[in-house]
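Down below is the structure, laid out as structure tokens.
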Amino acid sequence: MLLAIGSAAGAQSPTVVQGRVVRVTTRGPIALPGTMVTLHRIGASSAGPVDSARADRFGRYRFRVASPDTQAMYLPTTRHGGLAYFASPVRAGDPSADGEIEVFDTTSAPVRIRVTGRHLVVSAPDADGNRTILDVYELSNDTVLTRLGSPAQPSFVAELPELARDARAAQGDFTGDAVVAVPGGLGVVAPMSPGIRQLAVSYLLPPRAFPLGVTLNDTVAVVEVLLEEPAARAEGDSLAALGAVSSEGRSFVRFLGRDLPRGRRLEVLVPSAAGGGVARWGWLAALSVAALGAIGWSLRRRPAPVVVAAAPPPRSRTDELRGAIAGVDATLADSATAVASHAALRDYRAGLQAELDAALAGDQDRP
């Protein structure tokens with residue numbers, strides 16, 4: 001069932017948003033009749049639910065928006081098992097979007113979460129000689145069940161080196177309360193629906209933590225190591241040096257391995273020179289979702305963020321952007337943390353944030 005967008009000439013032409021709700025099983029999708037579906041509008045000036053309707057006996061739903069905002073995104077959502085699920089967010093006038101909302105049964109059983117990609121970024125040392133580490137995981141739930149997590153039984157644990165400190169979740173599909181400290185590392189306690197999700201964690205390591213050893217707990221399709229210091233290197237069987245790359249105004253030496261088996265050990269060696277830089281939390285967090293994607297670390301295709309690149313917007317625009325970002329955050333928060341972390345919606349939020357950052361930077365440059 002397609003998400004039909006009817007748009008005749010003129011910005012005020014009615015828009016029809018329709019699709020169906022299905023529960024994914026091992027036997028295939030099964031329609032869910034009577035399910036309540038809510039339509040959210042997310043724009044640059046406001047965001048929130050605009051309508052709701054029950055699916056018919058075939059699981060189909062339909063909304064008619066009399067005066068659609070051509071600059072907004074419309075997001076059909078429903079809840080199943082206490083969790084929220086989305087269709088892909090679309091704009092008015094997009095006739096090819098798929099409005100099918102897939103929901104999944106939940107389980108607290110230890111469903112296996114595979115690591116399909118691993119990306120390690122090591123900064124140059126700061127003034128105290130500490131290096132910031134960014135460790136990005138591509139996690140795959142290959143079942144038809146949403147895995148529930150808790151502090152006692154997280155759905156996945158990102159192991160941390162013994163000397164790591166100031167560990168936190170960086171930008172990705174799991175941030176904030178979705179990731180907590182657990183014995184041995186940081187654990188994902190948010191629900192994890194089928195498909196691929198991104199987990200990015202960052203932490204500080206003192207000089208004595210190097211050489212840094214990393215052992216793979218899965219057979220990993222892509223392993224990437226980016227080192228900011230030209231003299232640093234990564235060693236391990238089947239790990240190839242690919243030379244220097246640049247991103248966010250910084251240069252890295254890059255090492256890449258493919259289809260590395262479980263148990264393979266990698267080692268990161270860094271020079272012993274004293275540091276002289278500053279803490280790099282900010283640019284490493286941005287790198288996790290922007291620069292690494294440009295370098296090619298993601299195993300899944302993600303829609304390009306909606307970024308408005310032009311002269312700095314007027315000051316009033318910043319308030320509108322903040323409101324839109326708050327609307328996206330409220331929609332995500334209302335969706336029970338994890339299943340709602342739809343990649344396209346998060347990319348839309350990233351675009352709003354990029355525009356806001358550009359606006360604020362423009363304000364600072366003004367006399």
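Keep in mind the model is a prediction, meaning the values are calculated, not measured. Atom set for the values below is all heavy atoms of this structure, side chains included, hydrogens, waters and symmetry mates excluded.
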*What closest approach, in Å, do Leu134 and Ser202 show between heavy atoms, and which atom pair accounts for it?*
CD1-CB, 4.2 Å
*asked:* If you apply the rule side-chain contact (heavy atoms from CB on, under 4.5 Å), what do you find for Arg258 with Ser238, and how did you get there?
replied: CA-CA 8 Å; Arg258 296 189 181 275; Ser238 303; over 6 Å; no
*Between CG on residue Asn141 and CD1 on residue Ile113, distance to nearest 0.5 Å*: 4.0 Å
*Would you mind reporting whether Gln198 and Glu138 have side-chain heavy atoms less than 4.5 Å apart?*
yes
*Would you find a donor on one side and an acceptor on the other, under 3.5 Å apart, between the side chain of Arg54 and the backbone of Gly34?*
yes
*asked:* Checking Pro207 now: which residues fulfil side chain to side chain contact (heavy atoms under 4.5 Å, CB included) with it, not counting sequence neighbours?
replied: Asn130
_With heavy-atom distances below 4.5 Å as the criterion, would you say the side chains of Val22 and Ile30 are in contact?_
no
_Closest non-hydrogen atom pair between Pro154 and Gly187, with its separation_ = CB-CA, 3.9 Å
*asked:* Once rounded to the nearest 0.5 Å, what's the spacing between atom CG of Leu139 and atom CD1 of Ile196?
replied: 9.5 Å
_Whether Phe156 and Tyr137 hold their rings parallel, tilted or perpendicular, with breakpoints at 30° and 60°_ = perpendicular
_Pairing residues for Thr106 by the side chain to side chain donor-acceptor pair (under 3.5 Å) criterion, not counting sequence neighbours_ = none
*Taking Val37 as the fixed residue, which of Ile101, Asp51, Thr77 is the one that meets the side-chain contact (heavy atoms from CB on, under 4.5 Å) rule?*
Ile101
*Any salt bridge (Lys or Arg N to Asp or Glu O under 4.0 Å) involving residues 145-159? Give me the pairs, sequence neighbours left out, ordered by first then second residue.*
none
*Ser123 side chain to Thr132 backbone, donor-acceptor under 3.5 Å*: yes
_Check: Thr35 and Val103 side chains under 4.5 Å, non-hydrogen atoms_ = no
*Quick one: does Tyr203's side chain get under 4.5 Å of Leu160's, heavy atoms only?*
yes
*List the steps, then state whether side-chain contact (heavy atoms from CB on, under 4.5 Å) holds for Val222 with His119.*
CA-CA 8 Å; Val222 175; His119 311 270; 4.0 Å; yes
*Can you tell me how far the CZ atom of Phe86 sits from the OG1 atom of Thr38, to the nearest 0.5 Å?*
10.5 Å
*Distance-only, no hydrogens or angles: does the Tyr85 side chain make a donor-acceptor pair with backbone N or O of Phe104 under 3.5 Å?*
yes
*So Val17 and Leu39, side-chain contact (heavy atoms from CB on, under 4.5 Å) or not? Walk me through it.*
CA-CA 9 Å; Val17 179; Leu39 183 66; 4.1 Å; yes
*List the steps, then state whether side-chain contact (heavy atoms from CB on, under 4.5 Å) holds for Met192 with Arg197.*
CA-CA 8 Å; Met192 190 178 299; Arg197 300 288 182 268; 4.3 Å; yes
*Intermediate values then yes/no, salt bridge (charged side-chain N to carboxylate O under 4.0 Å, His left out), Arg118 and Asp135*: CA-CA 7 Å; Arg118 185 85 179 266; Asp135 202 348; 2.8 Å; yes
*Partners of Phe210 by ring-ring contact (aromatic ring centres under 6.0 Å, His included), sequence neighbours excluded?*
none
*Hey, are the side chains of Leu266 and Leu260 touching, using non-hydrogen atoms and a 4.5 Å cut-off?*
yes
*Can you sort out the partners of Val253 under side chain to side chain contact (heavy atoms under 4.5 Å, CB included), two or more places apart, ordered by chain and number?*
Leu227, Phe255
_Residues in side chain to side chain contact (heavy atoms under 4.5 Å, CB included) contact with Asp105, at least two apart in sequence or another chain_ = Arg23, His80, Leu145
*By side chain to side chain donor-acceptor pair (under 3.5 Å), which residues pair with Arg114, not counting sequence neighbours?*
Asp142
*Is Arg131 paired with Glu229 through a side-chain N to carboxylate O contact shorter than 4.0 Å?*
yes
*Do any pairs count as a salt bridge (Lys or Arg N to Asp or Glu O under 4.0 Å) and have a residue in residues 204-222, sequence neighbours left out, and if so which ones?*
Arg112-Asp218
_Just verifying a value: how many Å separate Ile133 CD1 and Leu205 CG, rounded to the nearest 0.5 Å?_
4.5 Å
_Contacts of type side chain to side chain donor-acceptor pair (under 3.5 Å), residue Arg265, not counting sequence neighbours_ = Thr215
*asked:* Main chain of Asp237, side chain of Arg264: is a donor-acceptor contact present, judged purely on distance under 3.5 Å?
replied: yes
*Do Thr146 and Leu83 come close enough that some side-chain heavy atom pair is under 4.5 Å?*
yes
*When rounded to the nearest 0.5 angstrom, what is the spacing between OG in Ser52 and CE in Met36?*
5.0 Å
*All side chain to side chain donor-acceptor pair (under 3.5 Å) counterparts of Glu235, not counting sequence neighbours*: Arg233
*Could I get the full list of side chain to side chain contact (heavy atoms under 4.5 Å, CB included) partners for Val144, not counting sequence neighbours?*
Val24, Thr26
_Validation row: Ser155, Leu148 side chains within 4.5 angstrom (heavy atoms)_ = no
*Between atom CZ of Phe252 and atom OG of Ser246, what is the distance when rounded to the nearest 0.5 Å?*
8.5 Å
*What closest approach, in Å, do Ala234 and Leu239 show between heavy atoms, and which atom pair accounts for it?*
CB-CD2, 3.7 Å
*asked:* Apply the hydrophobic cluster definition, ILVMFWY joined by side-chain contacts under 4.5 Å directly or through others, and give me every member besides Val157.
replied: Val180, Val182, Val189
*Would you call Leu226 and Glu224 a side-chain contact if the rule is heavy atoms closer than 4.5 Å?*
yes
